[in-house]
Amino acid sequence: ALLSPPCASLCLQGALQALHHSQSAATEHLCDAVIGHFVPPGPAPASGESPLVTALEDAEQGRVLEAALAVAVPQQLRELFQDHFRGRLRGVACHRLANHGLQRLLDHAPSDVVGAVLEELGPALHEPLARGHHGVAVALVAACGRHPELQQGALRWVLQVGRSSCRTLWCHKAPPSSKPR
C-alpha cells in the first residue's frame with residue numbers, strides 16, 4: 001500500500017525530505033515506519049538474501065528506501081549496515097539499482113560505518129567500476145573525505161584501482177604497426 005499507486009512513493013519521499021529539512025522529530029518515526037515496511041526487525045539471515053537488499057534491487061521500493069537512508073539517524077544506519085549490508089557489499093555495489101542505496105548510506109553514514117565499507121569494498125572497488133557504477137567509488141571517496149582518519153585508506157584503494165586500470169590498458173594495447181612509412 002505504501003507504493004501503490006506510484007505517486008504514493010513520491011509522496012513518501014517528499015514527506016521524508018520535508019520532515020528532515022524541518023528538523024521534525026517525526027522524521028525518525030516515518031523513517032522507521034518506511035524501513036520497517038520492507039525489513040522485519042532483527043538481522044537478515046546469514047545464509048539468505050537480506051530483505052533490505054532485495055527491496056533496493058526493485059526500482060520503486062529502492063527509491064523510497066534511498067529516501068529513508070538519506071534521513072536516517074547514525075545509529076539506524078549502523079544497525080542497517082550490520083544487519084543487511086555487511087558481507088553483501090560487493091553484490092550491492094555491482095547491482096544496477098541497489099548500488100544507489102549504498103551510495104545514500106555512504107552519503108550519511110558515520111565514520112565507523114564508512115570505515116567498515118572501505119575495509120570490505122576497497123579491495124573489490126574495481127568490480128563496480130567495471131560495471132559502470134562509478135557513483136559507488138565517488139560516494140565512498142566523498143564519505144572518506146568527511147572523515148580524515150579514512151582518507152589515506154581511500155586514497156590507497158583508488159590508486160590501486162587506477163594502477164590496475166593502467167596496467168590493463170597497457171597489456172591490451174595493440175602492438176605498433178610494422179608497415180614501412
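The structure displayed is predicted, hence computed values, not measured ones.
Atom CD1 of residue I35 and atom NE2 of residue H84 lie 9.0 Å apart, to the nearest 0.5 angstrom. Atom CZ of R86 is separated from atom OG of S50 by 14.0 Å, given to the nearest 0.5 angstrom. Within the model, atoms CD of Q17 and OG1 of T27 stand 11.0 Å from one another, a figure rounded to the nearest 0.5 Å. Here the CG atom belonging to L121 is positioned 8.5 Å from the CG atom belonging to L118, to the nearest 0.5 angstrom. Once rounded to the nearest 0.5 Å, the distance linking CD of E60 with CG of L97 reads 11.5 Å. Taken to the nearest 0.5 Å, the CG atom of L30 stands 6.0 Å off from the CG atom of L12.
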- Which is it for D32 and Q76 under the side chain to side chain contact (heavy atoms under 4.5 Å, CB included) test, yes or no, and what are the steps along the way? CA-CA 9 Å; D32 284 340; Q76 197 170 30; 2.3 Å; yes
- Item | CA sep, side-chain torsions, deciding dist, call: H37, V34, side chain to side chain contact (heavy atoms under 4.5 Å, CB included) | CA-CA 5 Å; H37 175 75; V34 168; 5.8 Å; no
- Apply side chain to side chain contact (heavy atoms under 4.5 Å, CB included) to L106 and L102, showing your working. CA-CA 6 Å; L106 287 167; L102 175 58; 4.2 Å; yes
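Here the shortest heavy-atom pairing between P110 and R78 reads CB-NH2, 3.5 Å. Nearest heavy-atom pair, Q13 versus A67, reported as atom, atom and distance to 0.1 Å: CG-CB, 3.9 Å. The minimum heavy-atom distance linking A109 with H147 is given by the pair O-NE2, 3.6 Å. Minimum interatomic distance between L16 and A68 (heavy atoms only, all atoms of both residues): CD1-N, 3.8 Å. Closest approach of P128 and A93 over heavy atoms only: CB-O, 3.4 Å.
Taking the side chain as every heavy atom from C-beta outward, L19 and V71 never approach each other to under 4.5 Å. Taking 4.5 Å as the limit, every side-chain heavy atom of L69 sits out of range of all side-chain heavy atoms of H108. Annotation: side chain of L159 is in contact with side chain of L155 (closest heavy-atom distance under 4.5 Å). Residues L140 and V158 are not in side-chain contact: their nearest non-hydrogen atoms beyond the backbone lie 4.5 Å or more apart. Two residues are said to be in side-chain contact when any heavy atoms from C-beta on lie closer than 4.5 Å; H95 and R131 fail this criterion. Put simply, the side chain of F85 reaches to within 4.5 Å of the side chain of L52, judged on heavy atoms. Looking only at side-chain heavy atoms (C-beta outward), E57 and E49 come within less than 4.5 Å of each other. Residues F81 and V117 meet the side-chain proximity criterion, which asks for heavy atoms closer than 4.5 Å.
Other residues, nucleotides and ligands contribute more than 12 heavy atoms inside 6.0 Å of the CD atom of Q151. For CZ of R90, the number of neighbouring non-hydrogen atoms (other residues, nucleotides, ligands) closer than 6.0 Å is 12 at most. Around the CD atom of Q152, the shell of radius 6.0 Å holds no more than 12 heavy atoms that belong to other residues, nucleotides or ligands. Within a 6.0 Å sphere centred on CZ of R104, heavy atoms belonging to other residues, nucleotides or ligands number more than 12.
Looking only at distances, a side-chain donor or acceptor of R146 sits under 3.5 Å from a matching main-chain atom of D107. Using a distance-only test at 3.5 Å, with no hydrogens or angles considered, no donor-acceptor pair links the side chain of Q160 to the main chain of P123.
If you check the side chains of Q103 and N99, you find a donor sitting under 3.5 Å from an acceptor. Defined by atom type and a distance below 3.5 Å, a donor-acceptor pair is present between the side-chain atoms of Q75 and E79.
The only member of L65, V92, L89 that meets side chain to side chain contact (heavy atoms under 4.5 Å, CB included) when paired with V53 is V92.
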